[in-house]
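Okay, structure first, notes after.
Positions are given from 1, in the same order as the sequence printed here.
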Amino acid sequence: MSKERAYNFSAGPSMLPLSVIEDAAANLANYQGCGESVMEMSHRSAEFKAILEDAEKNLRDVLNIPDNYKVMFIQGGGTLQFAMVPLNLLRKSGKADYIVTGSWAKKASKEAQKFGDIKIVATSEESTFTYIPEVKKEDFRPDADYVHITLNNTIYGTHYPYVPDTGDIPLVADMSSCILSEEIDVSKYGLIYAGVQKNIAPSGIAIAIMREDLIGFAKESVPTYLDYKIHADNGSTYNTPNCFSIYIAGEVFKWIKSIGGIKELNKINVAKAKKLYDFIDSSDFYKCPVRKEDRSIMNVVFITGNSDLDKKFVAEAKKNNMHNLNGHRSIGGMRASIYNAMPIEGVDALIEFMKKFREENR
Ligand SMILES: Cc1ncc(COP(=O)(O)O)c(C=O)c1O
């Protein structure tokens, strides 16, 4: 028998709810007695059609998505969205404004620069992205086709404490590392996208939630697969989708409903994050470099101030069945990603380990 399941603090791919994994395992070879696995199933079959329709319906329910928004499951993860956004939304002036609050936001802006006139209206790069800059409506170019933000910054552990007011300019948000962890008002956004491998499903797709009036502006030269209209018009089955990932996403949406929806889940997430930040802040051994009001409840970064000790922490934590506590390779230190499926017991175990490590290494 292999060792027990670890608490996996990875920033992504990350833990999925155990009940979802176990249920998928029970249905792996013969999905609900239909004689086939979802992995083998035609994406045009009645069985998969039901899976897809249910997944979309449950996502609409949990996020309260208005009827004038399309939901799309698109391959290529979050990164492909960095290109799809400008290719579809640079539709009038060819200008877009980006707020750069981390490496992913920077990558998104760099990709967009291939296609249009991109302005970085604000950045916190000068302080290694430890805070979210304040941006006002007047800071955006009035003729910008859209404004892009990264709502939660996975690597640096920050989250917007506010939603930027962009007036009539559509707001586009990368929510890869916070989607479904908090209630959001979808109607404030023109487009929301998220890679699924943190809070939703196995990697391989992104979910895009897009206001209908913004769909259909891709130029003729845009490759077919990169046109949101193709996905919207074909119900996410223009080509063969990642059926298995969509299936698990649907099961996770049901799991969220079963625990009382995003409101309840958010209460648990806030409690988990508070416990961990309170412990770090009260300790004279660990430090969180992020400005308090901008801290993420999904990705908690911390350091000891000694990079050798940080490495030792990560290695010893792994021996104690707590995996992937290393910070992103670009900044080092530690990062505990405590997404929706991380139980509070995982946070408790981490804090106990942090206390023990502090006593042994101070
Ligand atoms: C905020 C954010 N955006 C985009 C990405 C890239 O996603 P993918 O690996 O699905 O392309 C990540 C990956 O961690 C992320 O955290």
Worksheet, complete the sentence: Between Asp145 and Gly94, the two heavy atoms sitting closest are OD2-N, 2.9 Å

Item to complete: Just do the salt bridge (Lys or Arg N to Asp or Glu O under 4.0 Å) check on Lys57 and Asp61 with the steps written out, would you?
Response: CA-CA 6 Å; Lys57 185 188 173 306; Asp61 290 348; 2.8 Å; yes

Fill in: Single-linkage hydrophobic cluster, 4.5 Å side-chain cutoff, Ile207 and Ile74 together
no

Worksheet entry | Met298 to Cys178 - nearest heavy-atom pair and separation | CG-CA, 4.2 Å

Worksheet item: Strictly by modelled atom types, are Asn306 and Thr304 linked by a side-chain donor-acceptor pair under 3.5 Å?
Response: no

Item to complete: Please check if atom CG in Asp213 has more than 12 non-hydrogen atoms from other residues, nucleotides or ligands closer than 6.0 Å.
Response: yes

Worksheet entry | Candidate pair Leu309 and Phe285, rule side-chain contact (heavy atoms from CB on, under 4.5 Å), full reasoning | CA-CA 11 Å; Leu309 212 48; Phe285 189 77; 3.7 Å; yes

Fill in: Whether Tyr247 and Phe244 hold their rings parallel, tilted or perpendicular, with breakpoints at 30° and 60°
perpendicular

Worksheet item: Going through the distances and angles, do Asn152 and Met175 end up as a side-chain contact (heavy atoms from CB on, under 4.5 Å)?
Response: CA-CA 6 Å; Asn152 187 82; Met175 296 196 190; over 6 Å; no

Worksheet, complete the sentence: Between Met41 and Ser45, the two heavy atoms sitting closest are CG-OG, 3.5 Å

Item to complete: Check step by step if salt bridge (Lys or Arg N to Asp or Glu O under 4.0 Å) holds for Lys356 and Glu359.
Response: CA-CA 5 Å; Lys356 188 166 155 279; Glu359 294 321 310; over 6 Å; no

Fill in: Pairwise distance OG(Ser14) to CD1(Ile200) - rounded to 0.5 angstrom
11.0 Å

Discussion item. Salt bridge check, Glu53 against Lys49: does any charged N sit closer than 4.0 Å to a carboxylate O?
Written reply: yes

Worksheet item: Is the shortest heavy-atom distance from the side chain of Trp255 to the side chain of Asp23 under 4.5 Å?
Response: no

Worksheet entry | Side chains of Pro164 and Val147 in contact at under 4.5 Å (non-hydrogen atoms) | no

Item to complete: Kindly compute the distance separating CD1 (Ile192) from CD1 (Ile209), expressed to the nearest 0.5 Å.
Response: 5.0 Å

Worksheet item: With under 30° as parallel and over 60° as perpendicular, where do the rings of His328 and Trp104 fit, or are they tilted in between?
Response: perpendicular

Worksheet item: Name the one of Ser127, Ser296, Ser103 that satisfies side chain to side chain donor-acceptor pair (under 3.5 Å) with Tyr156?
Response: Ser103

Worksheet item: Under a 4.5 Å cut-off applied to non-hydrogen side-chain atoms, are Phe253 and Asp54 in contact?
Response: no

Worksheet item: How about Lys137: does its NZ atom have over 12 heavy atoms from other parts shown lying under 6.0 Å from it?
Response: no

Practice prompt. Report yes if some heavy atom in the side chain of Met342 is under 4.5 Å from a heavy atom in the side chain of Lys272; otherwise report no.
Written response: yes

Practice prompt. Would you check, one step at a time, whether the test side-chain contact (heavy atoms from CB on, under 4.5 Å) holds for Ile169 with Arg141?
Written response: CA-CA 9 Å; Ile169 309 170; Arg141 293 178 290 184; over 6 Å; no

Worksheet item: Could you give the distance from OH (Tyr146) to CG (Asp97), rounded to the nearest 0.5 Å?
Response: 9.5 Å

Practice prompt. Report yes if some heavy atom in the side chain of Tyr228 is under 4.5 Å from a heavy atom in the side chain of Gln81; otherwise report no.
Written response: yes

Practice prompt. Specify the closest pair of heavy atoms between Ile338 and Leu276, including all atoms of both residues, with the distance to one decimal.
Written response: CD1-CD2, 4.5 Å

Discussion item. Quick check for you: to the nearest 0.5 Å, what is the distance between Ile149 atom CD1 and Asn153 atom CG?
Written reply: 9.5 Å

Practice prompt. Identify whether the distance between the nearest side-chain nitrogen and carboxylate oxygen of Glu264 and Lys267 falls below 4.0 Å.
Written response: yes

Worksheet item: Would Lys312 and Phe357 satisfy side-chain contact (heavy atoms from CB on, under 4.5 Å), going step by step from the backbone distance to the final call?
Response: CA-CA 9 Å; Lys312 188 176 172 194; Phe357 187 83; 4.1 Å; yes

Worksheet item: Is Ile118 reachable from Phe217 through a run of hydrophobic residues whose side-chain heavy atoms are each under 4.5 Å from the next?
Response: no

Worksheet item: Going through the checks in order, is the salt bridge (Lys or Arg N to Asp or Glu O under 4.0 Å) test met by Lys92 and Asp143?
Response: CA-CA 8 Å; Lys92 292 180 193 155; Asp143 61 344; over 6 Å; no

Practice prompt. For Glu360, look at atom CD and say whether over 12 heavy atoms of other residues, nucleotides or ligands are found less than 6.0 Å away.
Written response: yes

Fill in: Under 3.5 Å side-chain donor-acceptor pair for Lys263 and Asn266
no

Worksheet item: Is the closest basic N to carboxylate O distance between Lys319 and Glu316 below 4.0 Å?
Response: no

Fill in: ring pair (Phe, Tyr, Trp, His ring centres under 6.0 Å) evaluation trace for Phe313 with Phe302
CA-CA 11 Å; Phe313 179 98; Phe302 57 100; 5.7 Å; yes

Worksheet item: Should we say atom CZ of Phe279 is surrounded by more than 12 heavy atoms from elsewhere, each under 6.0 Å from it?
Response: yes

Discussion item. Ignoring hydrogens, what is the shortest heavy-atom contact between Ile331 and Ile155? Give both atom names and the distance.
Written reply: CD1-O, 3.4 Å

Worksheet item: Do Tyr69 and Val163 share a hydrophobic cluster (ILVMFWY, side-chain heavy atoms under 4.5 Å, transitive)?
Response: yes

Fill in: Tyr225 side chain to Gln75 backbone, donor-acceptor under 3.5 Å
yes

Discussion item. Less than 4.5 Å apart, side chain to side chain, heavy atoms only: is that true for Ile205 and Pro241?
Written reply: no

Worksheet item: Any luck finding a side-chain donor-acceptor pair between Thr154 and Asn299 under 3.5 Å?
Response: no

Worksheet item: Could Glu111 and Lys107 be called an ion pair, given the rule that one side-chain N must be under 4.0 Å from one carboxylate O?
Response: no

Fill in: Polar side chain donor-acceptor pair, Asn269 to Ser181, under 3.5 angstrom
no

Discussion item. Could you tell me if Tyr31 and Glu40 have a donor-acceptor pair between their side chains, going purely by distance under 3.5 Å?
Written reply: no

Discussion item. If you count heavy atoms of other groups shown closer than 6.0 angstrom to NZ of Lys229, is the number above 12?
Written reply: no

Discussion item. Does any part of the side chain of Ile99, heavy atoms only, come nearer than 4.5 Å to the side chain of Phe140, both counted from C-beta?
Written reply: yes

Worksheet entry | Crowding at CG, Asn64 (>12 non-hydrogen neighbours, <6.0 Å) | no

Worksheet item: Which atom pair, heavy atoms only, marks the closest approach of Asp310 to Gly305?
Response: OD1-N, 4.3 Å

Worksheet item: Testing Ile215, Asn68, Val172, Val85 for side-chain contact (heavy atoms from CB on, under 4.5 Å) with Met210, which one passes?
Response: Ile215

Practice prompt. Look at the aromatic rings of Tyr193 and His148 and report parallel, tilted or perpendicular, splitting at 30° and 60°.
Written response: tilted

Practice prompt. Please answer: with hydrophobic residues joined when any side-chain heavy atoms are less than 4.5 Å apart, are Phe9 and Leu16 in the same cluster?
Written response: no

Fill in: Straight-line distance of Leu191 CG to Asp174 CG, nearest 0.5 Å
10.0 Å

Worksheet item: Does atom CZ of Arg362 have more than 12 heavy-atom neighbours from other groups under 6.0 Å away?
Response: yes

Worksheet entry | Side chains of Val300 and Ile280 in contact at under 4.5 Å (non-hydrogen atoms) | yes

Worksheet entry | Interatomic spacing from CZ in Phe48 to CZ in Arg44 - rounded to 0.5 Å | 10.0 Å

